[in-house]
Each structure stands twice: as C-alpha cells, then as structure tokens.
Student: 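To start, I am sharing the structure in question, which I have written as structure tokens.
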Amino acid sequence: MAFHPYTLRIFDSPKMTDSKYFTTTKKGEIFELKSELNNDKKEKKKEAVKKVIASMTVGKDVSALFPDVVNCMQTDNLELKKLVYLYLMNYAKSQPDMAIMAVNTFVKDCEDTNPLIRALAVRTMGCIRVDKITEYLCEPLRKCLKDEDPYVRKTAAVCVAKLYDISSSMVEDQGFLDQLKDLLSDSNPMVVANAVAALSEINEASASGQPLVEMNSVTINKLLTALNECTEWGQVFILDSLANYTPKDEREAQSICERITPRLAHANAAVVLSAIKVLMKLLEILAGDSDFCSMLTKKLAPPLVTLLSSEPEVQYVALRNINLIVQKRPDILKHEMKVFFVKYNDPIYVKLEKLDIMIRLANQSNIAQVLSELKEYATEVDVDFVRKAVRAIGRCAIKVEPSAERCVSTLLDLIQTKVNYVVQEAIVVIKDIFRKYPNKYESIISTLCENLDTLDEPEARASMVWIIGEYAERIDNADELLDGFLEGFQDENAQVQLQLLTAVVKLFLKRPADTQELVQHILSLATQDSDNPDLRDRGFIYWRLLSTDPAAAKEVVLADKPLISEETDLLEPTLLDELICHISSLASVYHKPPTAFVEGRGAGVRKSLPNRSASAAGEESSSAQEATVIPNQESLIGDLLSMDIGAPTAPAAPAPASSNVDLLGGGLDILLGGGPVASNDTAPAAAAPAGAGSAAGGLLGDIFGIGPVSSTNMIQIPKITWLPADKGKGLEIQGTFSRRAGQVYMDMTFTNKAMQAMTGFAIQLNKNSFGLVPGAPLQVAPLQPSQSVDTSLALGTTGPVQRMEPLNNLQVAIKNNVDIFYFACLVHGNVLFVEDGQLDKRVFLTTWKEIPAANEIQFNLHGIVGTADTVAAKMTANSIFTIAKRNVEGQDMLYQSLKLTNNIWVLLELKLSPGSSDATLSLKTRSVEVGAIIFAAYEQIIRSP
C-alpha cells in the first residue's frame, strides 16, 4: 500500500515534533520511561523527560518516576534542568520525602556560574510549597538577594513574597524583609520593580494591614527614577505603589505629577490607567484653582480618548473607568463629547456605557448635539439600546433645565411612532419630568392617556397610574381610567398595585363626592384580598388616616413632593472615592469595592482619597471629646474586693412613656356612611399628644417609626448561667441583659440549690467600660431550698468608668447570708444603643467623610434572614437607625447610625445581596474598640426570626 505524498510530508514536518510526546497510549509506558530516564545518553534522557512532562500535562499520574526524574537534575543542559524543575514543582507536595533528595542540587545550582541556572533554582525552590524544603531555601535565597547579576536579584525578590505566603514568620525572623527594602535602592530598575511588587504582595497578605515600608521622599525618588527604565509591568507595580503615598505638601505633589505625566503617552493601557489613578489621587491635594491643576486636567483627556480607539474589550474597560473619572471630575472630558457618540458597529455593552457617559457630560452648551444623537439612537433596532436612549432623553431634561421643553417635544415625537417599548419608556421618563417641573408640561397628559391600552410593562403602567392620580383634578374621567385598572388588580405587579392604591386615595381626597365607592373597593382589595404585606400595610395606614383625620390624610398624601435630583444613579461619594483608588483594577470595572467580590487577604483593606482640607484634623479632635473616654484597665480584682456591698445605690432614671395606636380602630364606615367625620374628641387614638414632641409622637409618628421605639420588637437574648451552683455554694444565677423604656436591665433568675434558706441579697458592680451601676437596691425575697425567683435590676450609666477586656465585660459581686460571690458576664451590645441615635442625612455624610479611613472596620455577616426592609425594621427596633437606603449594582446598601450610652456615635454601611444570606458591614467610629461589640450585636439581631 502506497502512502499519499502529502501524508509523508505532514509526518516529516518540523512543526509536529513536540506533538509526538502527547500521542503515545502504550501499555507498560511507565516501565519504558523509567529505563529511558536511566539511559546514559543525554539526548535519550531529555526525550524521556519530555514524555514525562507531556504525560503530566494531560493528567496522567507519573509520580512513580519521581526518583528517576530527580536523578536527571545532575546536568549542565539548561533545557533538561528546566523540565526536571517543572516536574518537581508539580509533584513535590505529594512526595515531600522524595523531594528532599533534590535539595542538595538546588543549593548547588544556586551557586552555579550561570546566572540563569542560579535564578531557576531559587525560583523553583520558592514554588515548591513543602516545609522541609523551605528550611533549606533561606541561605541560598539570602545569597541570591545579594547576587551580582540583576536577573538573579529580581527573581529572588519575587521568591521572598512566595516564601512569605508559605511561612510569614520565617521571612520576618530571617531578615528577608529588610533585604527586600534594600533592593528598592538597587541600581537595576527591574530589580526595584520586582521588590516593589513583592512588598505590595506581602503587605496585602500581612494580618496587620499596616504598610511594611514607610514611603518617604527618598524612597519615592528612587521609585520615580526606576519608573523610566523598567518594563511596562514593572511600571504598573511602581505606579500602584506610588498611589498609596500621600505627599507631605503641594510642592511635592506637583513634582511627582510632573515625573509621572510622561507615562500617559505609554502604549500599554494598564500603564496609562495606573498613571491616571496616581494623578487623580494627587489632584485631591493640589489647589483646584491653580494653573498647574488646570494644565494637568487638560493632559488627562488625550490618553483617555486614545484608549477608545482600541478593541471593544479594552474600550469597555476604559469606559467603565472613565465613568468613574467623569463622576469625580467632569471637567476633564467636558470638551470630548463627540468621542462618546455611538458607532453603528459598536457592541451593545460599549454602546450602553457610552450613552451613560454622554448624559454625565451633557450641559447647556452641548445639549442640542446630544439630543440630536439620542433621537437617532431611539430609532435603532436594538431594543435595550433604544430603551436606554429614551431614558437618556428624560435624564437630559432633568439635568439641563433649558433643554426640558425640547426634550419633552422629542419624547412626544417618539410616542407618535406608536412603537410599544418606545412609548412605555417615554411615559416612565415623562413621569420624572413632571416631578422635576411641576405644573409646566401637564398639557401633554391627554396624549399620554391615548396610549393607556398599549401599556403592558409594570414600570410604565405604574408611571401612568401615578400621573393620573397626581393630576386627577385635570383629568375628567380619572375615576373611569383607574377603575379600568382595578378590574385585574390581583394580577397586577406589586409596583402597580401600590401606585393604584395611592392614586385612588389621591383621587378621593380631591373629589370625595363621586369616588367613595372606588376608594372603599380598593382599600378592601388591598387589606383583605392581598397577601403582599407592603400593600396591606399601606392600605391599613390609608384606612386609618381617612377614618380618623381626613385633614391629616390630605397633608400626608397630597403633600408637595420633593424635586427629584439631577443625577439619581451617581455612586455614593465614599464609594466613588474608594473606586478612584482602584482605577485599572476589576473594582473599577464592576463599580464595586474589592470586598464585594474578593475573599480572603487584602479584601478588608479599604482605600480612600486624601483629605484636601487640613482643618479636618481639628474638627475630629473637638468632636471626639463628646464621647466618654474609656481609661485603661488596672487592678480590677482589688477594686471589686474593696467594694462596700451594702452601700446605697443611685436612684434609677425615670423611664420615658411610649405611645401605642390601634391602627385598625374606627374603620372607614364613619367617613363613607354619611355620618359626621370623627373629631379629636371621638377619636382619641388619632389625637397627637400636646407639647413640643407632638409632631413626632402622634399617629403618623407611631405609624412611620418616628418617636420612641417600642420595646416589644427588641431582640431578647436568652438567659445563660452566670454563677453555677457549685461555685455559689448552692446559689445558681442565670441572667441576661435587656433594654426597656430607655433603660438597661439585668434580668436574673436566682435558684437556691442548697439545704438552707438564703436571705439578705445585695449587689455591686465593678468599674466598667460603660459606667454601669445599679439604679436601685437588689430586690430578692428570702429564697427557700429548691426555690427560684426572677428579678430585674435597673442599671444607670453614670458610674465610674474603666476600660475592660473585652470592652463589654462586667464584673459582679453578689452578697447574701452565706457569702460574697464574684462572677463576670458580658453585656449585650444592643442594650447599650440609646433611642436618640438617628443622624440627619447631611450630618451622617459629613461625619463619615471626617472620620479617617483608618477608623473603618469591616465584618462579614452570615445567616441573614429576610429582605433589606425587614433587616432595617429589626435594626430600628433595636435603636439602629437607617438613614438612607440605596440599590447599587443590584446590592441593597443601608446607611445606619447608632449612639452608645457613653455618647460614642457609630456610623454603619450594611451591604446586602438579595437572595444571599451573607452581608458586609462597614463601621466607622472615632472609638474603633467598640467595633467587636457592634458586630456581635448585629449578628444577634440580624439572625433573629
């Protein structure tokens, strides 16, 4: 049989030489490889090792050949040595005892005359994660860090970071960190870059999170010198390290900016973005109105524009970073609108991102050009893009007031196209325009009503219902239109149902004579036929309002709406500042902090931009004085033993009264049955209490959570044994802490397990972190054998203060006719949260910015039960107040505040992912030592049913 000539040519082709190692399927292959590995001929050995590596690569177990492969290390052939080292890295962990055989060769190779072999040996030893080999690595590594060849030194620098990951204590004990810091002064720029990379890696992995190298002017100067000469990835490492340095004054910041600016012209996008990150941080220090700052701002635009001429994937990354930059400093790209105009062949993800940036850059001077583009986009074939374009027109109207009329006209033109999804998006944005410019464009309502039957998306239907309810007095047949929606009320989306309920109540308050039946019908549907708790609650609130005080109902339901903000999708300032510090990383693409998607080391270290105002330090120190200072712990047992147990105690503070309202009392019959409306005399539940607190403490205050928090929903921690009977000479004490009516209580159960009666009980508390003292004498009746009695002791917070370890540790002495007994217990954090811990939004934001980033702690919470709203409600019941709630990239962010009994304020950010039982809690306070108590309290509250 003759071979085809082409077939022969393929077999002989030099390109196929390596593929032969992967094609063998012979039985007894291991035995054959073993004999080939022990062959005297070098070429045969090399071929055999290549076959072994090929088998290892495709997943075959060739660990049985370990001794034979290790024997091949004794060679001058660099290619063979590399192959053997590759095999060792893969199998050393599974064969640690065998791997020891290779140590002598490693040590010998580290002193080889060839620098490539020296570097290869130290790199391989660093990659073999076996403790026994790590011990032998120290001496060769120390020599290689001082090697005369820069290639060996730069390899050794990275090896230190690998060794730190295996054994951090060894690196610190052997002094490798100091050697690594010395390499920052190396004459070779690549050695400097690798030293910076290794130190950054070690710093992220260190438990303390504190910088290992103190960045000063001398170190920064060395890094900047090396920046010009090292490779592009070396430049990225150095720039990332420079981003963590805060110059001591404006002059030094200017000098660093001038030396980094040339990197903006680099061909590598990673270098460009890293340079922009450093410059964005330094701009925070420079005076905003200086000529230098203006010049630097102009220089940042061209490199960003250049990035948009790359392939789509790089464009997308650049656009996500530009989105952050534009939010922080819109002036940088204010003249570059045209580069963000969408091209016909752009992928959808690039189109949507460009559209977002166009809106951010829109202003009075370019709005005509932007609207013209957006109108074109609204006629495209891509539905998602068209929807975003229509919404963008609405955002332009809200952002640039002079363009509002033109935007409305454009939206009406689009509605006339009768394209269903275009009409629905237009109605959604017109609703926002009505909110922004009340009583200005209502003449178009009739046009909107013509399209009522075509609406099938929940958001569009809800928007249309809102418009009908808000302008019911201008729409003659508003009752008929809303009645049409009620026919399929149970099938509507929850969003539409809620809007319908509010719209009908608005209509009733504006035209009560002819809509009584309609409002009664919808209240019945909402409160009796619905299983949606939000809808039921709103229905009950409206029912109660209408039945007790229609005037109050008007004030609430028909109140002037706050104007909507220009940019509703801006990132929180603190989050934006953090993301600016992560430009050119995944965080800047996701628009999420690293803690949201990275677990483990480095994830908890939060970065922030430097504070431009020097006065912040002064403000910080003055406000810190408001909190009670917690002194250090001293001789605690001595204090406790010297206490006078029988001494009289301070009287307890009076408990503030709380009000409760019968939400369902009265019903709607009085209002709808033709009888007179109930007055304050006949409906005492609706009457607001007199005095200054009436606005907060009345009906609306109770309904909407304003005023004193009811203790009924506060979490109750079960009692635990504080003093076991064997240590209390038969007296057993079980207890817990609670907070009722604004006061801390010790709730205890005393059990007599002795044979004699116990009498004459008294209590004393040692000095503690929160100044807790008994508010009254301990009241316990004589306790007969086998008898138990419950008692509650009110605690004041005006006692002597002394710091305990842990902070919530409370040392107690109980005296009775038998003896004095000492024990310690932990005070639950939630009982220390006072009821006036709610901050104003502006104060919250200002205080968050003022508290330094070093005072921020992060915790991970697990086992969360319920939605963001139910979590917020649980927190409110425990005096943790939600200041604001936002949804960022699908995550619910709750911004909360609380105040401890010693006047320490704590600001919190709780990040929840819908459907997940995990959350991230960020905590900022001037007294970070309270963090552990807060975290423990959160865990208990959040897991409660």
Side-chain angles (χ1 to χ4, degrees), residues 33-34 36-50 52-53 56 62-167 170-171 173-176 179-180 183 186 188 191 194 198:
L33 286 172
K34 195 178 186 74
E36 287 179 28
L37 286 168
N38 292 307
N39 199 299
D40 294 334
K41 293 182 181 178
K42 287 185 179 179
E43 282 303 312
K44 284 275 187 185
K45 269 188 181 180
K46 190 160 73 173
E47 291 292 304
V49 173
K50 283 184 178 180
V52 172
I53 297 297
M56 183 181 80
V62 285
S63 57
L65 297 170
F66 200 96
D68 304 288
V69 175
V70 169
N71 286 336
C72 298
M73 284 177 71
Q74 306 290 345
T75 177
D76 298 331
N77 187 300
L78 187 60
E79 185 184 4
L80 179 56
K81 200 173 277 288
K82 281 183 179 179
L83 290 168
V84 174
Y85 280 179
L86 190 63
Y87 177 90
L88 274 171
M89 278 189 271
N90 195 52
Y91 282 114
K93 198 161 188 177
S94 61
Q95 307 254 358
D97 295 329
M98 299 291 287
I100 294 293
M101 294 166 52
V103 166
N104 287 335
T105 310
F106 279 131
V107 174
K108 182 182 172 186
D109 283 354
C110 284
E111 296 179 358
D112 197 277
T113 54
N114 186 341
L116 291 176
I117 290 179
R118 295 201 299 273
L120 182 63
V122 77
R123 178 191 289 128
T124 308
M125 285 180 82
C127 290
I128 295 175
R129 303 178 65 85
V130 176
D131 293 337
K132 292 179 181 177
I133 288 188
T134 306
E135 295 167 12
Y136 294 97
L137 173 61
C138 294
E139 204 51 45
L141 179 58
R142 189 175 283 107
K143 289 179 181 176
C144 288
L145 284 167
K146 295 179 180 177
D147 198 281
E148 60 185 18
D149 192 278
Y151 181 75
V152 179
R153 294 200 300 277
K154 86 179 184 72
T155 307
V158 175
C159 189
V160 174
K162 292 177 180 175
L163 182 60
Y164 188 90
D165 197 37
I166 301 167
S167 175
M170 184 182 291
V171 170
D173 297 343
Q174 295 287 336
F176 288 133
Q179 281 189 271
L180 205 52
L183 289 183
D186 200 277
N188 186 285
V191 176
N194 275 25

Student: The criterion is side-chain contact (heavy atoms from CB on, under 4.5 Å); which residues satisfy it with Val158, sequence neighbours excluded?
Tutor: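 For Val158, the residues satisfying side-chain contact (heavy atoms from CB on, under 4.5 Å) (neighbours in sequence not counted) are Lys162, Asn194.
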Student: Give, for atom CG of Leu163 and atom SG of Cys138, the distance between the pair rounded to the nearest 0.5 Å.
Tutor: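 Going from CG on Leu163 over to SG on Cys138, the span is 6.0 Å.
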Student: Write down the atom of Ala157, the atom of Leu183, and the distance for their closest heavy-atom approach.
Tutor: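 What the structure gives for the nearest pair is CB-CD1, 3.9 Å.
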Student: Side-chain contact, heavy-atom cut-off 4.5 Å: Val49 with Tyr87?
Tutor: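 Heavy-atom side-chain distance check fails, nothing below 4.5 Å.
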Student: Out of curiosity, Asp109 CG to Leu116 CG, how far, rounded to the nearest 0.5 Å?
Tutor: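 One gets 12.0 Å once the value is rounded to the nearest 0.5 Å.
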Student: Check Glu111 with Arg118, please: is the shortest side-chain N to carboxylate O separation under 4.0 Å?
Tutor: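 No, this pair does not count.
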Student: What distance do Asp147 atom CG and Leu141 atom CG have between them, rounded to the nearest 0.5 Å?
Tutor: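 Interatomic distance, Asp147 CG to Leu141 CG, rounded to 0.5 Å: 11.5 Å.
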Student: I'd like to know if the side chain of Arg142 reaches the main chain of Gln174, judged simply by a donor and an acceptor atom lying under 3.5 Å from each other, with no hydrogens or angles considered.
Tutor: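 Pair found, side chain donor or acceptor close to backbone of Gln174.
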Student: Can you give me every donor-acceptor pair (side chain of residues 121-128, partner residue at least two apart or in another chain, under 3.5 Å) with its distance?
Tutor:
residue	atom	partner	partner atom	Å
Arg123	NH2	Tyr151	OH	3.2
Thr124	OG1	Leu120	O	2.7

Student: When rounded to the nearest 0.5 angstrom, what distance separates CD in Gln179 from CG in Leu145?
Tutor: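 So the gap between those two atoms works out to 5.0 Å.
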Student: Any donor-acceptor pair under 3.5 Å linking the side chain of Arg153 with the backbone of Val191?
Tutor: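 The answer is no, because no donor-acceptor pair under 3.5 Å joins these two groups.
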Student: With sequence neighbours left out, write down each residue that passes salt bridge (charged side-chain N to carboxylate O under 4.0 Å, His left out) with Lys108, or none if nothing qualifies.
Tutor: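 Salt bridge (charged side-chain N to carboxylate O under 4.0 Å, His left out) check on Lys108 returns nothing, list empty.
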